[in-house]
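Notes follow once the structure below has been shown.
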Number of protein chains: 2
Amino acid sequence: MAYDLFSRRGVRDVGVNELIERSGVAKATFYRHFPSKDSLVLAFLEQRDQLWTVEAIVSQARLRGTTPTEQLLAIFDVFGDWFLRDDFEACSFINVLLEMGPAHPLGKASIDYLAKIRGHVQALAEEAGLQRTEEFSRSWHILMKGSIVSATEGDTGAAKRAQQMAGWLIEHHRS
Amino acid sequence: MAYDLFSRRGVRDVGVNELIERSGVAKATFYRHFPSKDSLVLAFLEQRDQLWTVEAIVSQARLRGTTPTEQLLAIFDVFGDWFLRDDFEACSFINVLLEMGPAHPLGKASIDYLAKIRGHVQALAEEAGLQRTEEFSRSWHILMKGSIVSATEGDTGAAKRAQQMAGWLIEHHRS
DNA sequence: CTCAGGGGAGACAGACCAGTCTTACTCGCT
DNA sequence: AGCGAGTAAGACTGGTCTGTCTCCCCTGAG
């Protein structure tokens, strides 16, 4: 409910009035569960981490590949399918970070969740036996975020392009 | 005036009241020059294209390199210096695109200006004699945008990492 | 000097926002 | 039956926003 509204239209564009009206809950009830709108957004980001990062991206990528290297590259196969969806909504963590700024509590939380994404990538890189996995995951993340922005611009082939560069990056971190 | 406020704090966060107060102009005068706030934002984006894309990035990169290939890679040297500035404000085109969405007129305008950036990259790629420059510029742009988001997260080394992948990309488009 | 027009200052309209509070009702427990 | 907790509905507060309108002054042309 709130998850769909926030992920599709952005946390700043959806107000508390609309949320409670659509969910059929009273305003006082909402504020009994969440002390402020920001705390609901924090809960949304947490849910986003679970539903999107973990279940939609990482788990899917692990299913699509057999070796860790294949699983890493499969991230961009999942991205390719995701970019083609008509309800493609970009990355909520990037959106919130750029909307609120890195100094805002919600921006800081988004930075933390983005770091968690890098953690998943780094774990796969370790499994693949790559070198300097911290550096690797940061470079890899550049490709992920860049391709997402490109997809928002309308470039549906961004995933393939990022995947190609990702292949070179893996090669470079093998030795 | 409006340029600094919009680029540092985002077009949504700066209201018309604040703009006219800071510039000392009357509200009626402002609305005689611009029929709406959005039209002022459009003028800001146009100015951003000139001051940032052309003068701060492309011209600087051309100055720093002697060959077209060096000039391409110098883009990320310029980025590296830019990321370290304390008034680093990310890319207004990406910000507006993600804030307003690709369907909004301001989002569409941002997409156009981002395409202009790819045009500059493609021109340099042509001068460098690279192959398939359209594809090249799209991949290159992924690195630019991804590194900007990473810098917003606080990764000041994002430019170096993007530059390394950019080198592989040039190599791949030589033949 | 006269007068028209532009601009500064700011009130105002109408719509939103987050968050508080009141009222009325329902349900479960004793 | 009676009572208390929880909730829906929504009024309300105080603030924000974009955009319009009024008032008044100042300046420059004839």
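A note on names: the letters A, B, ... follow the listed sequences, proteins ahead of strands, and every chain is numbered from 1.
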Exercise. Rounded to whole angstroms, how far apart are CG on A:Leu19 and P on D:dA9?
Worked result: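 Spelled out: CG on A:Leu19 to P on D:dA9 is 15 Å.
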Problem set entry | Whole angstrom value for the distance that separates P of D:dT18 from CZ of B:Phe34 |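 These atoms are roughly 14 Å apart.
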Problem set entry | Base-contact (B) and sugar-phosphate-only (S) positions in nucleotides 5-27 of chain C, heavy-atom cut-off under 4.0 Å, - elsewhere | -SSBBB-------SBBB------
Mind listing the side-chain donor-acceptor pairs of residues 40-52 of chain A below 3.5 Å, one per line with the distance, residues two or more places apart or on another chain?
residue: A:Glu46; atom: OE1; partner: A:Tyr113; partner atom: OH; Å: 2.5
residue: A:Arg48; atom: NE; partner: A:Ser92; partner atom: OG; Å: 3.3
residue: A:Arg48; atom: NH1; partner: A:Tyr3; partner atom: OH; Å: 3.2
residue: A:Arg48; atom: NH1; partner: A:Glu89; partner atom: OE2; Å: 3.2
residue: A:Arg48; atom: NH2; partner: A:Glu89; partner atom: OE2; Å: 3.1
residue: A:Arg48; atom: NH2; partner: A:Ala90; partner atom: O; Å: 3.1
residue: A:Asp49; atom: OD2; partner: A:Lys116; partner atom: NZ; Å: 3.0
residue: A:Gln50; atom: NE2; partner: A:Glu55; partner atom: OE2; Å: 3.2

When the side chains of residues 98-110 of chain A are checked against the rest of the protein, which donor-acceptor pairs come out under 3.5 Å, sequence neighbours left out?
residue: A:His104; atom: ND1; partner: A:Leu106; partner atom: N; Å: 2.9
residue: A:Ser110; atom: OG; partner: A:Leu106; partner atom: O; Å: 2.9

Problem set entry | Lys/Arg-Asp/Glu bridge criterion (N-O < 4.0 Å) met for A:Glu171, A:Arg174 |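 Salt bridge between A:Glu171 and A:Arg174, a charged N being under 4.0 Å from a carboxylate O: yes.
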Exercise. Salt bridge or not for A:Arg64 and A:Asp81, using N-O below 4.0 Å?
Worked result: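 So A:Arg64 pairs with A:Asp81 through a salt bridge.
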For this session: Using atom types as modelled and distance alone, determine if a side-chain donor or acceptor of A:Lys145 lies under 3.5 Å from a backbone N or O of A:Cys91.
Result: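 Pair absent, no side-chain N/O of A:Lys145 close to backbone of A:Cys91.
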